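What follows is a set of notes on a single structure, which appears directly below.
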Amino acid sequence: MLFVSILTSDRARDPELWATIWQGSPPPSVNLIGAYNLGNDKRVFIWEGESVADTQFMDRFNEVGVLETSPAFDRTSGWRAAFAKDIDTFRNNLMAGRPSAGHSVESTVDLRSRGMNAPNRHAARAAARQWVAEQESAGG
């Protein structure tokens with residue numbers, strides 16, 4: 001499973017952080033995909049793990065800061081389609097993941113299309129609220 005962890009730590013304690021992480025070996029199932037230092041006191045780790053031992057290994061960061069970890073679900077293709085304004089690729093990706101969910105796919109595409117075709121961000125949010133109201137009235 002893919003995880004994203006955000007470590008908030010006092011940079012003055014970095015020597016303790018390095019000593020802690022270099023001590024001992026991670027379980028073989030921990031796979032560090034990326035580690036990023038942000039421009040403040042936060043670091044982001046993207047990693048894969050399979051067991052409690054994996055999360056316990058990562059938990060050692062809590063000894064020198066606060067580590068917040070969440071499972072992560074790859075939605076890159078959908079975001080790429082949104083950035084590119086490629087509604088057809090978005091629809092095709094949804095259909096590939098849920099071939100029997102035609103109505104819900106079209107409804108999901110309709111929401112994105114309304115936002116994409118709105119003249120500005122304010123109108124896009126108004127269109128989204130209208131879409132929500134339509135969904136609620138159709139379902140209830």
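The structure presented is a predicted model; accordingly, all values stated were derived computationally and were not measured.
In this structure Thr69 satisfies the side-chain hydrogen bond (donor to acceptor under 3.5 Å, both in side chains) test together with Ser5, sequence neighbours excluded. Checked against salt bridge (charged side-chain N to carboxylate O under 4.0 Å, His left out), Glu16 has the following partners two or more places apart in sequence or in another chain: Arg13. Shown here are the side-chain contact (heavy atoms from CB on, under 4.5 Å) partners of Ala118, two or more places apart in sequence or in another chain: Ala123, Ala124. By the ring-ring contact (aromatic ring centres under 6.0 Å, His included) test, Trp47 pairs with Phe3, sequence neighbours left out. Not counting sequence neighbours, Asp74 has no partner by the salt bridge (charged side-chain N to carboxylate O under 4.0 Å, His left out) test.
Grouped with Val52 in a hydrophobic cluster is no other residue, since no side-chain heavy-atom contact under 4.5 Å to another Ile, Leu, Val, Met, Phe, Trp or Tyr is found. Here Trp131 is tied into one hydrophobic group with Leu111, Val132, each link being a pair of ILVMFWY side chains closer than 4.5 Å.
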Please list, one pair per line, the donor and acceptor atoms closer than 3.5 Å that link side chains of residues 30-40 to other protein atoms, with sequence neighbours excluded.
unit_1 : atom_1 : unit_2 : atom_2 : d
Asn31  : ND2    : Glu48  : OE1    : 2.8
Asn37  : OD1    : Arg43  : NE     : 3.2
Asn40  : OD1    : Lys42  : N      : 2.9

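Here the CG-CG distance, from Asp41 to Leu7, works out to 9.0 Å after rounding to the nearest 0.5 Å. Leu67 contributes atom CG, which lies 10.0 Å from atom OG of Ser9 (distance to the nearest 0.5 angstrom). Residue Leu94 holds its CG atom at 8.5 Å from CD1 of Ile87, rounded to the nearest 0.5 Å.
Under the 4.5 Å side-chain heavy-atom criterion for ILVMFWY residues, a single connected hydrophobic cluster contains both Ile21 and Met58. Hydrophobic clustering (ILVMFWY, side-chain heavy atoms < 4.5 Å, transitive): Met95 and Val109 are in one cluster. Under a hydrophobic-cluster definition in which Ile, Leu, Val, Met, Phe, Trp and Tyr are linked whenever side-chain heavy atoms come within less than 4.5 Å, directly or via other members, Val44 and Val66 are assigned to different clusters. The hydrophobic clustering, which links ILVMFWY residues whose side-chain heavy atoms are closer than 4.5 Å, places Leu17 and Ile6 apart.
Among residue pairs with one or both ends in residues 80-94, those qualifying as salt bridge (charged side-chain N to carboxylate O under 4.0 Å, His left out) are Asp88-Arg91, Arg91-Glu106; sequence neighbours excluded. Residues in residues 49-68 take part in no salt bridge (charged side-chain N to carboxylate O under 4.0 Å, His left out) pair, two or more places apart or across chains. Here salt bridge (charged side-chain N to carboxylate O under 4.0 Å, His left out) pairs that include residues 111-132, with residues two or more places apart or in two chains, are Asp110-Arg114, Arg114-Glu134. Here ring-ring contact (aromatic ring centres under 6.0 Å, His included) pairs that include residues 56-84, with residues two or more places apart or in two chains, are Phe45-Phe61.
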